[in-house]
Amino acid sequence: MIVVDTAVWADWFNGTDAPEVDRLDHALERHDAGLVPVILTEVLQGFRADRDFERARALLVQLPVLTLDVEGHAAAARLFRRLRSKGITVRGTTDCIIAQTCMTAGTELLSTDQDFAAIARHAPLRLCAL
C-alpha cells in the first residue's frame, strides 16, 4: 500500500501528465492506495465547485484510512524536533504527521514535496520509487 500526498492528488484530479500520476493510477487500479485524514482535508479544500468537491470526496473516502494514536502523534513531534536539531526545518506539522503515519504503518509515500525527501534522508520514511 502507498499513501499519496496532496500535490500528487491535485495533479491527478487536474489530469496532469506526470510519472507520479501514473503511479497513482496504478495504485488505484490495484486497490493499493491508503489515505491519511489530513491529506483528505488538504485535497478537498482545493476544490472550488461543490460538484468537484463531492466527486473527490466520494472517491477518497473509499480508500483505507491510516491514522496515528496518541503515541504516534508524540512520535511525529519527536520527528519534527529531531529534524530541527539537525538544522532541517520541515515547513509544517502536517508533513511530520504524514511521514510518521507512513512509517508507523510501514507504507511508502508518493510525493513530489522536497520536505519529504529531507525527512527520508534522516528517518526511515520510504518514498515511492518511480
Side-chain angles (χ1 to χ4, degrees):
M1 179 179 300
I2 65 168
V3 168
V4 180
D5 189 34
T6 306
V8 177
W9 278 114
D11 286 346
W12 188 83
F13 282 112
N14 288 322
T16 303
D17 184 22
E20 296 83 14
V21 171
D22 293 341
R23 178 66 175 90
L24 173 51
D25 277 334
H26 184 69
L28 290 171
E29 288 169 6
R30 294 179 49 218
H31 303 284
D32 195 32
L35 183 68
V36 176
V38 70
I39 293 173
L40 170 74
T41 303
E42 288 180 335
V43 171
L44 292 179
Q45 72 188 12
F47 288 98
R48 288 194 171 97
D50 290 343
R51 187 185 92 219
D52 295 335
F53 174 96
E54 289 303 331
R55 283 183 185 169
R57 189 193 68 73
L59 169 73
L60 294 171
V61 299
Q62 293 179 38
L63 300 175
V65 176
L66 305 171
T67 61
L68 293 174
D69 61 12
V70 171
E71 284 306 312
H73 281 276
R78 279 193 295 277
L79 174 63
F80 182 90
R81 295 177 67 243
R82 185 169 67 243
L83 292 166
R84 186 177 55 197
S85 75
K86 295 179 182 210
I88 299 158
T89 303
V90 177
R91 288 177 282 173
T93 301
T94 300
D95 288 349
C96 286
I97 292 169
I98 292 167
Q100 187 62 50
T101 303
C102 291
M103 291 186 294
T104 299
T107 62
E108 292 182 326
L109 177 63
L110 179 60
S111 178
T112 57
D113 186 325
Q114 290 306 303
D115 280 345
F116 291 116
I119 293 169
R121 285 191 294 275
H122 300 279
L125 174 63
R126 296 180 311 148
L127 301 176
C128 285
L130 298 176

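Owing to the predicted nature of the structure, the values given are computational and were not obtained by experimental measurement.
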Exercise. Same cluster for Ile97 and Leu63 if Ile/Leu/Val/Met/Phe/Trp/Tyr side chains link at under 4.5 Å?
Worked result: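 No, Ile97 does not connect to Leu63 through the hydrophobic network.
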Exercise. Quick one: ring-ring contact (aromatic ring centres under 6.0 Å, His included) partners of Phe13, sequence neighbours excluded?
Worked result: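 Residues passing ring-ring contact (aromatic ring centres under 6.0 Å, His included) with Phe13: Trp9, Phe47.
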Exercise. Which side chain to side chain donor-acceptor pair (under 3.5 Å) pairs, counting each pair once, include a residue from residues 38-48, with sequence neighbours left out?
Worked result: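 Pairs touching residues 38-48 that pass the test: Thr6-Glu42.
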Problem set entry | Pairs where residues 64-76 contributes a residue and the test side chain to side chain donor-acceptor pair (under 3.5 Å) is met, not counting sequence neighbours |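 For residues 64-76, and leaving out neighbouring residues, there are no side chain to side chain donor-acceptor pair (under 3.5 Å) pairs at all.
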Problem set entry | Non-neighbouring partners of Asp25 that pass salt bridge (charged side-chain N to carboxylate O under 4.0 Å, His left out), sequence neighbours left out |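 By the salt bridge (charged side-chain N to carboxylate O under 4.0 Å, His left out) rule, Asp25 matches no residue at all.
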Exercise. What's the verdict on side-chain contact (heavy atoms from CB on, under 4.5 Å) for Val43 and Phe53, showing C-alpha distance, side-chain angles and the deciding distance?
Worked result: CA-CA 9 Å; Val43 171; Phe53 174 96; over 6 Å; no
For this session: Measure across Ala33 and Pro64 and return the closest heavy-atom pair with its distance rounded to 0.1 Å.
Result: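 Heavy-atom minimum between the residues: O-CD, 3.2 Å.
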For this session: Rounded to the nearest 0.5 Å, what's the gap from CZ on Arg121 to NZ on Lys86? Could you check?
Result: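 Going from the CZ atom of Arg121 to the NZ atom of Lys86 covers 11.5 Å.
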Exercise. Rounded to the nearest 0.5 Å, what separation is found between the OG1 atom of Thr93 and the CZ atom of Phe80?
Worked result: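 One finds 6.0 Å between OG1 of Thr93 and CZ of Phe80.
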For this session: Kindly indicate, with the supporting measurements, whether the criterion side-chain contact (heavy atoms from CB on, under 4.5 Å) is fulfilled by Thr107 and Leu66.
Result: CA-CA 10 Å; Thr107 62; Leu66 305 171; 4.0 Å; yes
Exercise. With the threshold set at 4.0 Å, does a side-chain nitrogen-carboxylate oxygen contact exist between Glu20 and Arg23?
Worked result: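 Salt bridge between Glu20 and Arg23, a charged N being under 4.0 Å from a carboxylate O: no.
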For this session: Might you work through the side-chain contact (heavy atoms from CB on, under 4.5 Å) test for His122 and Leu79, ending with a clear yes or no?
Result: CA-CA 9 Å; His122 300 279; Leu79 174 63; over 6 Å; no
Exercise. How is the hydrophobic cluster of Val70 composed, in terms of its other members, when Ile, Leu, Val, Met, Phe, Trp and Tyr link through side-chain heavy atoms under 4.5 Å apart, directly or indirectly?
Worked result: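 Grouped by the 4.5 Å side-chain rule, Val70 forms a cluster of one, so the answer is none.
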For this session: Can you spot which of Leu68, Val3, Val65 makes a side chain to side chain contact (heavy atoms under 4.5 Å, CB included) with Thr101?
Result: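 For Thr101, the side chain to side chain contact (heavy atoms under 4.5 Å, CB included) check succeeds only for Leu68.
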Exercise. Looking at Val36, Val38, Ile39, which hits side chain to side chain contact (heavy atoms under 4.5 Å, CB included) with Thr94?
Worked result: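 Exactly one option meets the side chain to side chain contact (heavy atoms under 4.5 Å, CB included) with Thr94, and it is Val38.
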Counting only N and O atoms by type, is there a donor-acceptor contact under 3.5 Å from the side chain of [X] to the main-chain atoms of [Y]?
X	Y	result
Asp32	Met1	yes
Ser85	Arg82	yes
Arg91	Asp115	no
Ser111	Asp113	yes

For this session: Under the side-chain contact (heavy atoms from CB on, under 4.5 Å) rule, collect the residues that match up with Arg81, sequence neighbours excluded.
Result: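 With sequence neighbours excluded, Arg81 shows a side-chain contact (heavy atoms from CB on, under 4.5 Å) to Arg84, given in chain and number order.
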For this session: Take Cys128 and Leu109 through the side-chain contact (heavy atoms from CB on, under 4.5 Å) test and state the conclusion after the steps.
Result: CA-CA 6 Å; Cys128 285; Leu109 177 63; over 6 Å; no
